[in-house]
Chemist: 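First the structure, which I've put down as structure tokens, then a few questions once you've had a look.
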Amino acid sequence: MIITLNGESKKLEDNISIQQLLDLLNLKKETVVAELNGEIIVTENFDKTIIYNDAVLELIRFVGGG
């Protein structure tokens with residue numbers, strides 16, 4: 001399946017959850033805000049929110065530092 005991730009096409013093998021995608025990308029959910037098809041997904045729902053074909057996903061990552 002193909003999704004749009006942060007404005008770029010990305011091929012995924014199957015429908016996966018946001019949490020599974022974060023794991024593939026080596027991102028910690030505590031540092032990410034996710035918007036799926038225009039809707040903000042709260043962190044607690046990352047495990048049960050499935051990304052389907054043609055989804056548009058924006059991941060905004062916060063990085064600490066000064």
Side-chain angles (χ1 to χ4, degrees):
M1 75 174 193
I2 303 292
I3 68 168
T4 301
L5 175 60
N6 292 347
E8 297 185 10
S9 291
K10 181 167 184 66
K11 183 177 180 180
L12 300 173
E13 295 300 320
D14 283 316
N15 296 337
I16 63 173
S17 70
I18 291 175
Q19 183 60 58
Q20 289 171 312
L21 179 61
L22 294 180
D23 292 342
L24 288 173
L25 298 172
N26 293 317
L27 296 174
K28 294 180 181 180
K29 67 180 181 183
E30 296 82 10
T31 64
V32 172
V33 172
E35 180 187 279
L36 180 61
N37 298 324
E39 180 180 339
I40 299 292
I41 307 298
V42 296
T43 305
E44 293 78 20
N45 291 334
F46 283 3
D47 283 332
K48 58 186 174 186
T49 302
I50 303 299
I51 305 166
Y52 294 100
N53 190 43
D54 293 329
V56 177
L57 179 64
E58 298 288 331
L59 296 177
I60 301 167
R61 186 171 172 223
F62 296 97
V63 178

Chemist: Determine whether a donor-acceptor pair (N or O, by modelled atom type, separation under 3.5 Å) exists between the side chain of T49 and the backbone of F46.
Modeler: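 No; zero donor-acceptor contacts below 3.5 Å.
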Chemist: I need the minimum non-hydrogen distance between D47 and S17, along with the two atoms involved.
Modeler: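 That would be O-CB, 3.3 Å.
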Chemist: With sequence neighbours left out, what residues match K11 under side-chain contact (heavy atoms from CB on, under 4.5 Å)?
Modeler: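 Expected list: I2.
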Chemist: A side-chain contact here means heavy atoms from C-beta on lying under 4.5 Å apart; do L22 and L59 qualify?
Modeler: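 SC-SC contact between L22 and L59 confirmed.
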Chemist: Quick one, L21 and Q19 - any side-chain contact, counting heavy atoms below 4.5 Å?
Modeler: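 Not in contact.
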Chemist: Compare every heavy atom of M1 with every heavy atom of D14, then report the nearest pair and how far apart it is.
Modeler: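 That closest heavy-atom pairing would be O-CE, 3.3 Å.
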Chemist: State which residues pass side-chain contact (heavy atoms from CB on, under 4.5 Å) with T4; sequence neighbours excluded, sorted by chain then number.
Modeler: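 Here the qualifying residues are V56.
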Chemist: Hey, mind stepping through L27 and R61 against side chain to side chain contact (heavy atoms under 4.5 Å, CB included) and telling me if it holds?
Modeler: CA-CA 8 Å; L27 296 174; R61 186 171 172 223; 3.5 Å; yes
Chemist: V32, I50: one ILVMFWY side-chain cluster at the under-4.5 Å cut-off?
Modeler: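 Unlinked, V32 and I50 end up in two clusters.
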Chemist: With rounding to the nearest 0.5 angstrom, report the CG to NZ distance, D23 to K28.
Modeler: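 Interatomic distance, D23 CG to K28 NZ, rounded to 0.5 Å: 12.0 Å.
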Chemist: Could you tell me which residues satisfy side-chain contact (heavy atoms from CB on, under 4.5 Å) with I60, sequence neighbours excluded, listed by chain and number?
Modeler: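 Expected list: V33, F62.
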Chemist: Applying a strict under-4.5 Å side-chain criterion to I, L, V, M, F, W and Y, I'd like to know whether L24 and I51 cluster together.
Modeler: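 Yes, it is one cluster - the side chains of L24 and I51 are joined through contacts under 4.5 Å.
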Chemist: How many angstroms lie between CD1 in I41 and CD1 in I18, if you round to the nearest 0.5 Å?
Modeler: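 One gets 5.0 Å once the value is rounded to the nearest 0.5 Å.
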Chemist: What distance separates N45 CG from L36 CG, expressed to the nearest 0.5 Å?
Modeler: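 Rounded to the nearest 0.5 Å, the CG-CG separation comes out at 11.5 Å.
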